[in-house]
Amino acid sequence: MEKGARPNWDNPMQFLLACISYAVGLGNVWRFPYLCQMHGGGGFLIPYLLMLFLEGMPLFYLELAIGQRMRLGSIGAWTAISPYLGGVGLAGVVTSLYLCLYYNIINAWSFWYLFHSFQSALPWADCPINSNRTGPVEECEMATPTQYFFYRETLDISSSIEENGDIHTGQALCLLLAWVITYLFIIRGIKSTGKVVYFTATFPYVVLFIYLIRGITLHGAINGVKYMFTPKMEQLANPTTWINAATQIFFSLGLGFGSLIAFASYNQYNNNIEFQAIIVSLINSGTSIFASFVTFAIYGFKATINYENCLERTRLLLLNAFNLAEDSVTIDSVFEWIEKLNTTYPQQFDIIANKLENCDLESELNTAVEGTGLAFIVYSEAIKYMPLPQLWSVLYFIMLLLLGLGSMLGNITAIITPLQDFKVASRMSNELFSGLVCLFCLLLGLGFTTSSGNYWFTMFNDYGATLSLLVVVLIEVITVSYIYGIKRFEKDIEDMLGHRPNWYWKIMWAGTSPLLLIVLLISYIINYIQGGAPTYQAWNIELGRSVVMEYPIFGQVFIGLLLVSSISCIPITALYVYCKKRNDGNHHKRQYSISTVCV
Amino acid sequence: MLEKVSFLLLSFTLAEQLCKPGDPDGYKVRLSIKTALGENAYVWNDNEMFLFRATLAFAMTKQFDGQQFEVSDIIVCNQTARVSFWFVVTYPHNKTLVDKQVVERAVRKSRNRINSAFLLSDTTLEFIGIPPTLATPVNPSTPTWLIVFGVVMGAVCAGIIVVLVVSLVQRKRKKNETNEDTQVKTVENGAARDGVYYMSFSEDESSVTQM
């Protein structure tokens, strides 16, 4: 039996789809639209596309080339390039481990929402009734039903990271399901992954397209799209815009985890990765833009509905306070009537003046949200206003699931592939080893299903895989360009593809990308230092909204541990290898001297 | 004749005095007919007001088992174009005002009937100060989401078991095949060593000529 032969993708299309499935993830849907809104709408596309060409494509190509050349996972590949730099691969594995621990929680939430969509009335559409049956639950009344469903019924969140609670059984079950499905997808390595990616890579586009048609036909959607695409060019002068564009490209492509190296290591030696790298990066960015179009149509719809509800409430207030006939004040004439009544009955108007809301469409559109707040709160709020909301809800959460599971495939492969290169794991069967890794991640991940779990999730999300990836990729590109040597790398690529990479790639690898990464790293460090104590958003049950709180001491220590544990793999491994070599060198010297004596 | 007129006038003014906006024993009612019925909205007139008073008399009678409330016991005042007004209820025998809490209980008991008489709902026919009793939420014995979860989990587990079994069977089959191969090879080698040497020799020749 050929146990030694490395499995291969059935065809290059599977590899391409696997890369697309991995790179196109939740960040395209929930981070890019937010950045677009924050940094001047259509104008943000300029720094975004520029960064794609300056750092995105070159670094993507670099990782694919290394994987396909070395035909090993990240640890083995970097050890082969330079024995002292095996730690780079190990840092990638550790970061992937952190990511796997918390990323599947998002899939668990998607499952929870998906299963709750099979009801005649969506549970996040209305507030549940309190025990006296006199009105809605207080917490829900102060917040919105969608927020209540997310924070109370889905997470059962506590007031701060210090207050722990029990495991939410529903969440734990959904997390178990998420891990079982992940295991099913990777059970036979890329033989099973290769078949799954046909679906996980393509179906989200079908849903996005359906949502695009639904979105632009919604009432008020055009407000959102207009808002997004009117470029505010003055934002381009802000350096944060450029840094955020660079960071978004970097993280969106999933560089540094070792997943790309792992995927490429199963390629045929002559696979044309240059073409594939360009295609995948373009598709990834294109998907971000496409998804933000859909998101802004939905935003526009939600903002318009909220604005009209606000006007309706004001109209009722005026009618009830001044006892006017029902059809005298219409939604369009609310503002005129306010002025009229203010001048004719100033005293009476003063009484209701503090109850009067400021209805403004711009401010509704301005509420930019990112992350889980966008995906689970804003979107579900918009869905509940659509006709036939159950169908849209099911479609939407299936799309989120496919995006999330597709990225999970890459992340878990990034852990399994390098470890299987070691003799320890290769003695076990693939199925058993994958099962053990999934079980391990599941058990640790249960910690995120407790009452304070969402705060730990945010901590991992913000700190677990950010700084360490920048360091890893910076060392990767410097290693390849200067330690391994651009000339040697060129020759390797010529060997694989049949032609040398042209001057654009070489300039990017040797100059622009490392420079950009150094700038990003410095700006990150400056932000950490200037930002003071790290803070998080805690849900306050009495106020019915989030408040900013500082991390306690153990939280800050844990953040430090997260950052240090992955980055420190690099120097520690280098030191270990150095010591080992010295010991071996001494051994050899002694052996040599013995043999001369013997002779 | 004069006595009758003066008696009517007296009772009218008495009634008016009993009903005042802001009365501690009165309630304000607000109807939003156009919101509820849109194009099918009826006009609010004295006839509709009569129906209201009659319905409320019905509600009060239902609350008090013995006493029969009349339409005249429901006194209405301060009607506005919004369609809102105040009302108070008096006892049939002595014309004293009925307590606020008693009226509230009566209204809550028959709220549904009052609403249906006007084709309105709890939100469009408001009694300011009497919160509507909301319907109890329907809780099925097994939550729906658990059923869907069970289905999906079962399917996935079945898939995993199938894949594991298939790969186990394939591995066993491959093992058996390789065992057979090695056995056949040793037999062939043995035969070659004995005397089929010429056969293999001729095979070699054929391969040489092909070249």
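A, B, ... follow the sequence lines: proteins, then strands. Residue 1 opens every chain.
When the shell of 6.0 Å around OH of Tyr91(B) is examined, it contains more than 12 heavy atoms from other residues, nucleotides or ligands. Within a 6.0 Å radius of NZ in Lys62(B), other residues, nucleotides and ligands contribute more than 12 heavy atoms. For CG of Asn309(A), the number of neighbouring non-hydrogen atoms (other residues, nucleotides, ligands) closer than 6.0 Å is greater than 12. Surrounding CG of Asp46(B) are at most 12 heavy atoms belonging to other residues, nucleotides or ligands under 6.0 Å away. Taking a 6.0 Å sphere around OH of Tyr345(A), one finds it holds 12 or fewer heavy atoms contributed by other residues, nucleotides or ligands. No more than 12 heavy atoms of other residues, nucleotides or ligands lie within 6.0 Å of CZ in Phe440(A), so this atom counts as exposed by the packing criterion. For Asp166(A), the CG atom counts as loosely surrounded, since its 6.0 Å shell holds 12 or fewer non-hydrogen atoms of other residues, nucleotides or ligands. By the neighbour-count criterion of 12 heavy atoms within 6.0 Å, atom CD of Glu312(A) is densely surrounded, having more than that number from other residues, nucleotides or ligands.
Here the straight-line distance linking atom CD1 of Ile187(A) with atom OG of Ser167(B) works out to 6.5 Å at 0.5 Å rounding. To the nearest 0.5 angstrom, Arg82(B) atom CZ is 11.0 Å from Leu318(A) atom CG. Distance check: Thr144(B) OG1 to Phe115(A) CZ gives 12.5 Å after rounding to the nearest 0.5 Å. With rounding to the nearest 0.5 Å, the separation of NZ in Lys34(B) from CG in Leu319(A) is 10.5 Å. The distance from the CG atom of Leu164(B) to the CG atom of Leu184(A) is 9.5 Å, given to the nearest 0.5 Å.
The candidate from Leu176(A), Leu173(A), Leu316(A) with the greatest count of non-hydrogen atom pairs under 4.5 Å with chain B is Leu173(A). Heavy-atom pairs under 4.5 Å with chain A peak, among Ile128(B), Ile147(B), Thr35(B), at Thr35(B).
Of the atoms belonging to Ile33(B), heavy atoms from both backbone and side chain fall under 4.5 Å from chain A. Heavy atoms of Val156(B) lying under 4.5 Å from chain A belong to its backbone as well as its side chain. Looking at Leu114(A), neither its backbone nor its side chain comes within 4.5 Å of chain B, counting heavy atoms on both sides. The part of Ser84(B) that comes within reach of chain A is its side chain, from C-beta onward, which places non-hydrogen atoms under 4.5 angstrom from that chain.
Using cut-offs of 30° and 60° on the angle between ring planes, the pair His116(A) and Trp145(B) is parallel.
Using a 4.5 Å heavy-atom threshold, the side chains of Leu168(B) and Glu431(A) count as separate.
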